[in-house]
There are 2 protein chains.
Amino acid sequence: MELTARQKLILKAIVECYVETAEPVGSKTIAAMPGMDFSSATIRNEMAELTNLGLLEQPHTSAGRVPSPDGYRLYVDELMQQYRLSEDETHSLNEALDLKMKKVDRMLTDVGKLVSRMTDLPAYAVASRSRTVTVRRFELLMAETHCFILVVMLSTESVKNKLIKLPLELTEQDLKLLSAVLNASLTDLELTALTPELLAKVERSAGAAASLVPVVVDFVTAVLTEEQHSEVYLTGQTRLLGQPEYHDVAKAQQVLSTLDEDIISNLPAPTGDKPLQILVGPEEVAKELKDTSVVMTRFDIGDGMEGLIGVVGPTRMDYARVTARLSYFAESLGRMFGKGETLPVGPEPPRQLKPPSGETPHEDN
Amino acid sequence: MELTARQKLILKAIVECYVETAEPVGSKTIAAMPGMDFSSATIRNEMAELTNLGLLEQPHTSAGRVPSPDGYRLYVDELMQQYRLSEDETHSLNEALDLKMKKVDRMLTDVGKLVSRMTDLPAYAVASRSRTVTVRRFELLMAETHCFILVVMLSTESVKNKLIKLPLELTEQDLKLLSAVLNASLTDLELTALTPELLAKVERSAGAAASLVPVVVDFVTAVLTEEQHSEVYLTGQTRLLGQPEYHDVAKAQQVLSTLDEDIISNLPAPTGDKPLQILVGPEEVAKELKDTSVVMTRFDIGDGMEGLIGVVGPTRMDYARVTARLSYFAESLGRMFGKGETLPVGPEPPRQLKPPSGETPHEDN
DNA sequence: CTTAGCACTCAGAGATAACGAGTGCTAAGA
DNA sequence: TCTTAGCACTCGTTATCTCTGAGTGCTAAG
């Protein structure tokens, strides 16, 4: 069944009011809001109805109403208006984005910190490969005596190397042969394709350098695993303490101690078509995390990788604003790193309850 | 002036009792402890005296006493008995230490996490070079057309590389020349020795590849800087919430928000002879951090690097136990990474108040 | 020098009362 | 039929007060 326009309006007002104050909102408060042309009694009746529908909750009999997870869900899916970043905001975001981008992992921690700071909530960043990684080319380089450097060029344009001590006397010729064999047999293969049979074959062709094959393969395996593997960078956990719902230390501690990298890496990633995803409440995030929601978005890092940045916060968070900032971030990062194909950003345009006016939907406080 | 033996005994008892309970301790509590053969009145007198000396503090008139920072200082310097790790503890420490050690930075975060978990307090880890890093050798490696790989072997045994696109047509001969020039002029030099004059000279000798010199130098500078630079890995901040002194969220938040990598990196490192250092209270740590102390210890990572692991906690922390665990850690890590030269560990043997007996000084709770 | 005794202090725990925000329901009005 | 003013009722919050007891400093006797 569908809500009436008035019920939607009231639900929206309640969510936004609660987001701001973190306190149960009463019928009078809503009635007093501009644009509300009904009496508090009418609103009370509607609120009772919304409560029956499971969209609102009542902490106790004589308190105001609080949105339920379902209520939030409806809000973010249908009612939320897109928050427009102000000049100031885009400016400071741009400024912050001007980080010296080094390696991907460093970049990710920086991005995580940044997002956390901008939203004043814990944030995380992950990079994951959208394509599999393979070795594109091997090079063996004599270093000092008894040493050579194994250089491995990957399909991701990155180059890895290792200094290997020779267990036995080998000539430059032997290394040349090994190099040729490796390049002939082990390039452009996924990790799973490195079967024992294949390796045995390679070893047989490697002549005097056969004993080096396992060493090389170990390194390759390690590198490919490492490259494939994605680590979660979680920062700013303590910002949760600023939120009123965590003013009880016991609660805060409980949440903070469960909120670790493991939890994060088990969150469902946004599916294909929509880069932005909002997980509302314990059912969608993790049941240990009461009153906690997650907003995340995908972005393009280039080189066959995609990044994921997310923000963790109380279910009562300003989804509109967080979403806007996150999307802007993702878009900018995509532009900086990606191959130009910018991802679509922002939540889908909300169905407007009133004809869109020129003013910014939200006040900044 | 020197304290009497009885005063020391009482101070020690007070500190240890307070460490355990986190509540001001009264004269009766002390009098009731085994080994205390004086009445509570006597102890009251002594406590008054210790208060005069600034070693104890009284939260309010009718409360028990709490050690002052000076009191702690005296305790850790003179009174603290070495905590002996139990079988169980060494066992689980050893188990935890069996981490797959990869790169130094990964290792450090792991160590930080581990220490944090073992002490149930925030912990940090830093690596810093005790020797300066230099480039030991350059290699230039033709990759695909218009591309070559710059390989740089460092004095730390690690090897860095970069894929460089050629801005112009160059023959393998040109690269050979460049390589020779680089190896002749730019090896074994500290970062500061890379003067503009030197670089100009190199450029002149580089023939056709002159335009590549700046690219190479940029990379070298970046690598050396990166290698020299030491990052602080701070983890487990939220464990502070478990401590009773931070049961007030406002306080916790204040501490947690000041406790960042900057603060940590400004802490004084342990000086030459003693690897372990204890910083007590705000004066010694940071004035923003009320009631906070730091215990840190140095360890050897090998390859001319040394590590620093530290624990941040309330001034009322179990120094004996934290110290013991940290030292054990440092020792084990030193053994795993270091060149065999184990650092001396543990606080210097305390002057015993009573002849040392066979039993474990502390009870484990 | 030690210790028993005593009067005094003061934070914290409960108990009680007053407050007020918010509700549901009813009945009158549009 | 929908809206709204009015009202009794609920119940968490806050303030005030008292009471309790741990702990102190001081004094005087052992």
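In what follows, chains carry the letters A, B, and so on, assigned in the order in which the sequence lines appear, proteins first and then strands, with residues in each chain numbered from 1. No hydrogens, no waters, no symmetry mates; every other heavy atom, side chains included, goes into these values. Owing to the predicted nature of the structure, the values given are computational and were not obtained by experimental measurement.
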Specify the separation, in whole Å, of atom [atom1] of [X] and atom [atom2] of [N].
X      : N       : atom1 : atom2 : answer
E57(A) : dT23(C) : CD    : C1'   : 17 Å
R6(A)  : dT1(D)  : CZ    : P     : 16 Å
K28(A) : dG20(C) : NZ    : C1'   : 9 Å
H60(A) : dC11(D) : NE2   : C1'   : 6 Å

Q.
So, does S27(A) get its side chain near the phosphate of dT23(C), meaning an N or O under 4.0 Å from OP1 or OP2?
A.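 Result: yes.
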Q: Give a yes/no on whether any side-chain N or O of T61(B) is located under 4.0 angstrom from OP1 or OP2 of dC10(C).
A: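 Yes, such a contact exists.
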**Q.** side chain to side chain donor-acceptor pair (under 3.5 Å) between Y75(A) and E16(A), intermediate numbers included
**A.** CA-CA 9 Å; Y75(A) 173 76; E16(A) 281 164 10; 2.8 Å; yes
Q | Pair assignment for DNA chain D - dot-bracket with | for other-strand partners, Watson-Crick or G-U under 3.5 Å | A | ||||||||||||||||||||||||||||||
Q) Should the pair R6(B)-E46(B) be classified as a salt bridge under the 4.0 Å nitrogen-to-oxygen rule? A) yes
(Q) Using a strict threshold of under 4.0 Å (side-chain N to carboxylate O), is an ion pair present between D248(A) and K251(A)? (A)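 A salt bridge is absent here (no side-chain N lies under 4.0 Å from a carboxylate O).
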(Q) Among residues 38-46 of chain A, which ones have heavy-atom contacts with DNA chain D below 4.0 Å? (A)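 Within residues 38-46 of chain A, the residues near DNA chain D are F38(A), S39(A), A41(A), T42(A), R44(A), N45(A).
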Q. In chain order, what residues pass the side-chain hydrogen bond (donor to acceptor under 3.5 Å, both in side chains) check against Y72(A), with sequence neighbours excluded?
A. none
